[in-house]
**Q** 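I am attaching a structure below and will ask some questions about it afterwards.
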Amino acid sequence: MPEEEIFRQRKDKLMRLRQEEGYDPFQQDHWDVKHTLSYVKEHYAFLKEEEWSEDEIQTAGRVMVLRRHGKTAFATFEDENERLQLCFQFDVLGEKDYTFFKKWVDAGDFLGIVGVPFRTQRGELTLSVKKFCLLSKALRPMPEKWHGLKDMEVRYRQRYADMIANPEVRDTFRKRTKIIQTFRRVLDDHGTLEVQTPILSTIAGGANARPFITHHNTLDIDMYLRIATELHLKRLVVGMLGRVYEIGQQFRNEGMDMKHNPEFTSLEVYWPYANYKDMMDLAEEIIVACADELGGRVINYQGTEIDLTPPFRRATMTELVTEHAGIDFSAITDEEARRQAAIRGLEVKPTDTRFDILPVFFEEYVEEELIQPTFVIGHPTVISPLSKRNRENPDITDRFELFINAWEFANAFSELNDPIDQRERFMDQEKKKNEGDEESHPFDEDFVNALEYGLPPTGGMGIGIDRTVMLLTNSKSIRDVIIFPTMKPKDL
RNA sequence: GGAUCGUUAGCUCAACUGGCAGAGCACCUGACUCUUAAUCAGGGGGUUACAGGUUCGAUUCCUGUACGAUCCA
């Protein structure tokens, strides 16, 4: 049947319901839900076959499946958390109500229910319906009851249908919220203030990425959606707000795949008087808290066992490249580094130093090996424009990236607070921009100005929330943990 | 951006080598007072993603487009 026809049939039925019964399901506006279905499942589990309770339960939910047998009918009934069977009987409801039910209630409809718990001959806990109220009608058919909704495109585009058909999807998003709540709890316990900085701004800084551009009509200027919260949050530390964090969406105008959505969610946190090592402890604390919340530190992600028990391994980028690529960058000249890269077919410019090439080797040979949690430290200064230099070796920075399952989970450093150095690094980035690097960091004069007022020594960190949720909910694609993922419009 | 695969009824899927486009669920009508993928009887439902091409004939073969999935950059 073409969808339009089935839809028209349901609309006709609605009209007849209004005319013949004088009842409009869309005018119902309140129902006292005194008990959830979970409550009933929990409190009446003791009932034996054919045993009846005397209690009256008042609840509400959606009819998922109807099984009618003349003067008795069973419904699979579902609320947000649980499924329970309903039993409608002629003898219990009386002729008028039973006929109304039989004639007008369809799968997909919302019902308010007053009923008595009992267990059927076949052993299923059931509510015998004494009264019901048709609270709302479904005009479109429910997705197939047995196979459900599998088409990924429909599931992402019409998440509501996905959630009706696949209740476990609701679990994933509840876990997502639980993870974010856990992030907040740990940060709040450490006296960190949650703040909101602009999503819309005139400079998109704090990371190396292409921004989305939009336009402000009144001011007649182009504006950008933020790619990070870093520079705003550090301004707040200059302003002596103390420990601050922000959890929110970032926007990067880049490719989309299993791990990247143009809009994603991250945490950024900044602590004055702290360094990147303090951020390591915090990262471990947050991740372990989330794992504990969701049921354990040893997890299985798509068949790979990952142990999130701290402390996580700590290793320098140089060590890891030696380990996995067999080349020791601590004892190598720029020329030799370029030669080694060329041998392996890695793309390098003649001006690249060993510090430019080390991260290329890291990406090529090491990243994919970092399955168990690993803090990578010792990033070259040239790829860390906002990070403080290491005191002993100014060519590297006091920074770490945390890798789990070969994904970059967190990025943190002792923040660069030397305004003179910061200005020079921005100028370096400008130079890269002029050489055609579209992801180079824009020069943010006001940020340098803020640093000139004095930023205390500060530890800062960003953690990818979507990836954390993917890992802890065993989700294969970022689209499974973003409730309405970005989709290309389908021209109709 | 490249490669591969996919798109058939509302949903899940068939249709051999190019020969009348099918099933289950859902929907409509009827029967049925303990079913649970209820059952039984009957009925309606299709521009085979879109646009071209080859052919007597295209869901099937070819080209392009759109959207998606997977892998790679």
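Chain identifiers are assigned alphabetically (A, B, ...) following the order of the sequence lines, protein sequences preceding nucleic acid strands; residue numbering begins at 1 within each chain. In what follows, every heavy atom counts, from backbone to side chain, and hydrogens, waters and symmetry copies are set aside.
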**Q** For B:A38, does either OP1 or OP2 sit under 4.0 Å from a side-chain N or O belonging to A:Arg122?
**A** no
**Q** For A:Ser384 and A:Arg425, does a side-chain donor sit closer than 3.5 Å to a side-chain acceptor?
**A** no
**Q** Between the base of B:U35 and the side chain of A:Gln85, is there any donor-acceptor pair under 3.5 Å?
**A** yes
**Q** Determine the interatomic distance between P on B:A49 and the same-named atom on B:A9; round to the nearest Å.
**A** 8 Å
**Q** Go ahead and name the base partner of B:C11; Watson-Crick or wobble counts if both distances stay under 3.5 Å, otherwise write none.
**A** B:G24
**Q** Could you tell me whether A:Asp91 contacts a base, only the sugar-phosphate backbone, or nothing, with contacts defined as non-hydrogen atoms closer than 4.0 Å?
**A** base
**Q** Just N and O in the side chain of A:Arg119: are any of them under 4.0 Å from OP1 or OP2 of B:C34?
**A** no
**Q** Checking only heavy atoms, does the side chain of A:Glu144 share a donor-acceptor pair with the base of B:G24 at less than 3.5 Å?
**A** yes
**Q** To the nearest angstrom, how far is A:Arg155 atom CZ from B:U12 atom P?
**A** 10 Å
**Q** Can a donor-acceptor pair under 3.5 Å be found between the side-chain atoms of A:Thr120 and the base atoms of B:U35?
**A** yes
**Q** Which part of the nucleic acid does A:Arg140 contact within heavy-atom distance under 4.0 Å: base, sugar-phosphate only, or nothing?
**A** nothing
**Q** So what does A:Gly255 touch, heavy atoms closer than 4.0 Å: a base, only the sugar-phosphate, or nothing?
**A** nothing
**Q** Please give me the minimum heavy-atom distance between A:Pro359 and A:Ile383, naming the atom from each residue.
**A** CG-CD1, 3.8 Å
**Q** Both distances under 3.5 Å, Watson-Crick or G-U wobble: report the partner of B:U59, or none.
**A** none
**Q** Taking OP1 and OP2 of B:U36, is either one under 4.0 Å from a side-chain nitrogen or oxygen of A:Arg67?
**A** no
**Q** Rounded to the Å, how far apart are A:Arg157 CZ and B:A49 C1'?
**A** 12 Å
**Q** Ignoring hydrogens and geometry, is there a side-chain-to-backbone donor-acceptor pair from A:Glu319 to A:Thr316 under 3.5 Å?
**A** yes
**Q** What contact category does A:Met142 fall into here, base, sugar-phosphate, or nothing, at under 4.0 angstrom with non-hydrogen atoms?
**A** nothing
**Q** Which part of the nucleic acid, if any, lies within contact of A:Val154, taking any heavy atom under 4.0 Å across all strands shown: a base, the sugar-phosphate backbone alone, or nothing?
**A** nothing
**Q** With a 3.5 angstrom cut-off on both distances, give the Watson-Crick or G-U wobble partner of B:A3, or none if there isn't one.
**A** B:U70
**Q** Under 4.0 Å, counting only non-hydrogen atoms across every strand here, what does A:Lys13 touch: a base, just sugar-phosphate, or nothing?
**A** sugar-phosphate
**Q** Distance between the P atoms of B:U63 and B:A38, in whole angstroms?
**A** 45 Å
**Q** Which one, B:A38, B:C34, B:C27, comes nearest to the side chain of A:Gln89?
**A** B:C34
**Q** Are side-chain N/O atoms of A:Thr229 and A:Glu268 paired as donor and acceptor at under 3.5 Å?
**A** yes
**Q** So, A:Gln250 and A:Ser266: side-chain donor and acceptor under 3.5 Å apart, yes or no?
**A** yes
**Q** In whole angstrom, give me the gap between the P atoms of B:G19 and B:C61.
**A** 11 Å
**Q** Has A:Lys488 got a side-chain N or O lying under 4.0 Å from the OP1 or OP2 atom of B:C67?
**A** yes
